Amino acid sequence: MVTNMSEPHYCGASVDDFHTNYKYIHGYFSLIVCILGTLANTLNIIVLTRREMRSPTNAILTGLAVADLAVMLEYIPYTVHDYILSARLPREQQLSYGWACFIKFHSIFAQVLHTISIWLTVTLAVWRYIAVSYPQRNRIWCGMRTTTITIATAYVVCVLVVSPWLYLVTAIAKFLETLDANGKTIRSVPLSQYILDYNNEEHITMQVMSSTTPDMAWSVATGGSNTTVVNMPSFSTDLPTLMTTVPPDMGERNVTVYKLYHSELALHDRPLRNATFLIYSVVIKLIPCFALTVLSVRLIGALLEAKKRRKILACHAANDMQPIVNGKVVTPTQPKSCKLLEKEKQTDRTTRMLLAVLLLFLITEFPQGIMGLLNALLGDAFLMQCYLKLSDLMDILALINSSINFILYCSMSRQFRSTFTLLFRPRWLDKWLPLSQHDGDGRDGAGGRLNGYGRERLVQTDAVSKSMAIDLGLTTQVTNV
C-alpha cells in the first residue's frame, strides 16, 4: 500500500527489540504452556464431569475446559512448525501449500474456540451473579437444562458468526521468493493474479497522485515479509520487481511459497477489513470485558453484603436466641446451623474463585481488545509497528489464561481438591500422608478410586447440604466447584 514518508510512529525501538528477542523463546515457552494446559484441562474435564460434581456452574466450567483444551491441542503443531522447526526447514517447506491451508484453518479455528471461551466466561459471571443476588430464582433461571442449552448455543453461534468473515477476508496466495546463499529472503514477488491486478491499480493511482502533487515523496512498502500472519497489509507497489522475474545471482535461488494473505474481496474493500478488526475488538473483546467488569463489581458487592448479613444474623442469634435453663443462659449446639454456615462460606469461596477466573480473563483479554480497536482506527501503520510486533505476547497471555484454571480450582475449591484426590491419589501415599476424614470416606479397597459407597456418600452429603439451604430459603442451587 502506498504510504507517505511522514507516516506516524506509534511504537518505539523498544517494541522492536522486544519482538526480536522474544520470538526466539516464544516457541518453546508456548509449547510448554500448551502441554501443561492440555494436561490441566483434561483433568478439569475428568473431575468436573463426575456425578457428585454435577451443577450448572460446573457444566459451564466443563464447556470452558473443552474449548481451552481444543485451543491448546491445535496450537502445538503451529508453534512447533512456525517457531521451533522453522529455522531448520527449507523455505519451500516452511511455507508449503499444505502449511498455508493449516494456517488458514488455524486462524479460524483458534479464534472461534477463543470466542467460545470468552462468552462462556461471561455466562459464568451471569450465572454466578444470579446465584448470589437472586438465590430464590436460581433454580428456575439457571437450571441444568437452561445451562446446557446456553452452552450449546454459545458453541453454535460463535461458529456461525466468527467463521464466515474470517474465511472471506483471507486467501492463500502464491509468491516467488529469491533467497541468498544463507537462505534469507531477498525479494518476494506475488504470483497470484488478483494481487498483481490490485498492484497495477494501485500503481496507476500512485502515478495520478504524483502528477497532481509533484513535490510529494512516496515510499515503497516491501512485500518480503516471512511471516504467516493473517493480516499482511503491506502491498508492494514496485512494479518492475512485481511484474518481472529477476534472474538469481551467484548463490541465489528462486522458490515458490504460499502465504495467507488478504483475499481479493478484502483488498478492494478496505471498510470490510476495518470491519473485521472492529468485530474482533468490540464484539469479541471489549463488550465481554465491559460486561465482566460490571458483573465482577456486582459480585464483589454481593460478597460484602452477604458477609455483613451473616454478621448481623450471628449477632441476633447470640443476643436473642439463647435459651435459659435454671436461670442460666445456655449456648445450644446447632449442628444444622453450623453446617448451613459452612455451606454459605463454601459458596463465598466459590464466588471468590470465579472472581479470580474473571479478573485473570480481564487482564489478558482487555489489552487485546484495545489493540484491535486502535488497529481499526489508526490503520496499517499501527498494525505493522505495534500490533504484529506484540502478537506473540498476546498469544502467550491467552494461552496462560486458558491453562491456569486448574490451579485456581485446586487452590480455592475444597470439593474440587477432594474429588481430584479420590480419583488420582495413589493408595500407597496413605501410609505417609494419610487422608483427612472427609477425603477418606470415598476410598475403596484398591487403587485409590471412588467405590460405590464413596460415590453414594459424596452424593448424599451434597444432597443434604443442598436441601438444608433450600429449606431455609437461602439458595436453590449451590455451586459445587
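This structure is a prediction, so every number in the text was calculated from the model and none was measured. Reckoned from all heavy atoms, side chains included, excluding hydrogens, waters and symmetry mates. Numbers here simply count residues along the sequence, with the first being 1.
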Show your working on side-chain contact (heavy atoms from CB on, under 4.5 Å) between V169 and L265 and close with a plain yes or no.
CA-CA 7 Å; V169 299; L265 177 63; over 6 Å; no
For S96 and Y258, what are the C-alpha separation, side-chain angles and deciding distance, and is it a side-chain contact (heavy atoms from CB on, under 4.5 Å)?
CA-CA 6 Å; S96 63; Y258 298 86; 5.7 Å; no
Y97/I172 under side-chain contact (heavy atoms from CB on, under 4.5 Å): CA gap, chis, key distance, verdict
CA-CA 8 Å; Y97 180 79; I172 298 174; 3.9 Å; yes
Please determine whether side-chain contact (heavy atoms from CB on, under 4.5 Å) holds for the pair F175 and L95, giving the CA-CA distance in whole Å, both sets of side-chain angles, and the decisive distance to 0.1 Å.
CA-CA 10 Å; F175 288 80; L95 300 177; over 6 Å; no
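Remark: R128 CZ to T57 OG1 distance equals 5.5 Å, nearest 0.5 Å. A distance of 11.5 Å separates CZ in R298 from CD in E305, rounded to the nearest 0.5 Å. Atom-to-atom distance recorded for T121:OG1 and I116:CD1 is 11.5 Å, nearest 0.5 angstrom. Between atom CD1 of residue I149 and atom CZ of residue R145 there is a gap of 4.0 Å, rounded to the nearest 0.5 Å. Atoms OG1 and CD1, on T62 and I46 in that order, are 11.5 Å from each other to the nearest 0.5 Å. To the nearest 0.5 Å, the span separating CD1 on I103 from CD1 on I108 amounts to 11.5 Å.
A salt bridge does not link E177 to K184: none of the charged side-chain nitrogens sits closer than 4.0 Å to a carboxylate oxygen. The pair D392-K23 does not count as a salt bridge, with every side-chain nitrogen at least 4.0 angstrom from each carboxylate oxygen.
The nearest pair of heavy atoms linking C289 to L362 is O-CD2, 3.3 Å. Contact detail for E74 and A110: the closest heavy-atom pair is OE1-CB, 4.0 Å. Minimum interatomic distance between P288 and W119 (heavy atoms only, all atoms of both residues): CG-CZ2, 3.6 Å. When all heavy atoms are compared, the tightest approach of E365 to A398 is OE2-CB, 4.5 Å. Listed here is the closest heavy atom pair of T150 and T123: CG2-CG2, 3.7 Å. Summarising the geometry of I84 relative to R88, their closest heavy-atom pair is O-NE, 4.0 Å, with the distance given to 0.1 Å.
The side-chain heavy atoms of L390 and H19, taken from C-beta on, include no pair separated by under 4.5 Å. Side-chain contact between Y134 and Y129 is present, with heavy atoms from C-beta onward closer than 4.5 Å. Side-chain atoms of T146 and W127, non-hydrogen and from C-beta on, do get closer than 4.5 Å to each other. The shortest side-chain heavy-atom distance between V112 and S163 falls under the 4.5 Å cut-off. By the 4.5 Å heavy-atom criterion applied to side chains, Y198 and H268 are counted as neighbours. Side-chain contact between I60 and L64 is absent, with no heavy-atom pair separated by less than 4.5 Å. Between L377 and F382 the shortest side-chain heavy-atom distance does not fall below 4.5 Å. Counting heavy atoms from C-beta on, the side chains of S403 and L36 never come closer than 4.5 Å.
Among residues at least two apart or in separate chains, side chain to side chain donor-acceptor pair (under 3.5 Å) pairs with a member in residues 24-49 are Y22-H26, H26-Y75, S30-T79. Within the structure, salt bridge (charged side-chain N to carboxylate O under 4.0 Å, His left out) pairs that include any residue of residues 92-101 comprise E92-R253 (at least two apart or interchain).
Using modelled atom types, one side-chain atom of S107 and one backbone atom of K104 make a donor-acceptor pair closer than 3.5 Å. At least one donor-acceptor pair closer than 3.5 Å links the side chain of S192 to the backbone N or O of K174. Of the possible donor and acceptor atoms, none in the side chain of N401 sits under 3.5 Å from a partner among the backbone N and O of L397. Side chain of N58 to backbone of M53: a donor-acceptor contact under 3.5 angstrom is found.
Crowding of F105 atom CZ: a count of heavy atoms from other residues, nucleotides or ligands under 6.0 Å exceeding 12.
With hydrogens and angles left out, the side-chain atoms of W99 and D82 include a donor and acceptor closer than 3.5 Å. Side chains of H114 and Q368: no donor on one and acceptor on the other come within 3.5 Å.
Taking the ring centroids of F406 and F420, they lie under the 6.0 Å cut-off.
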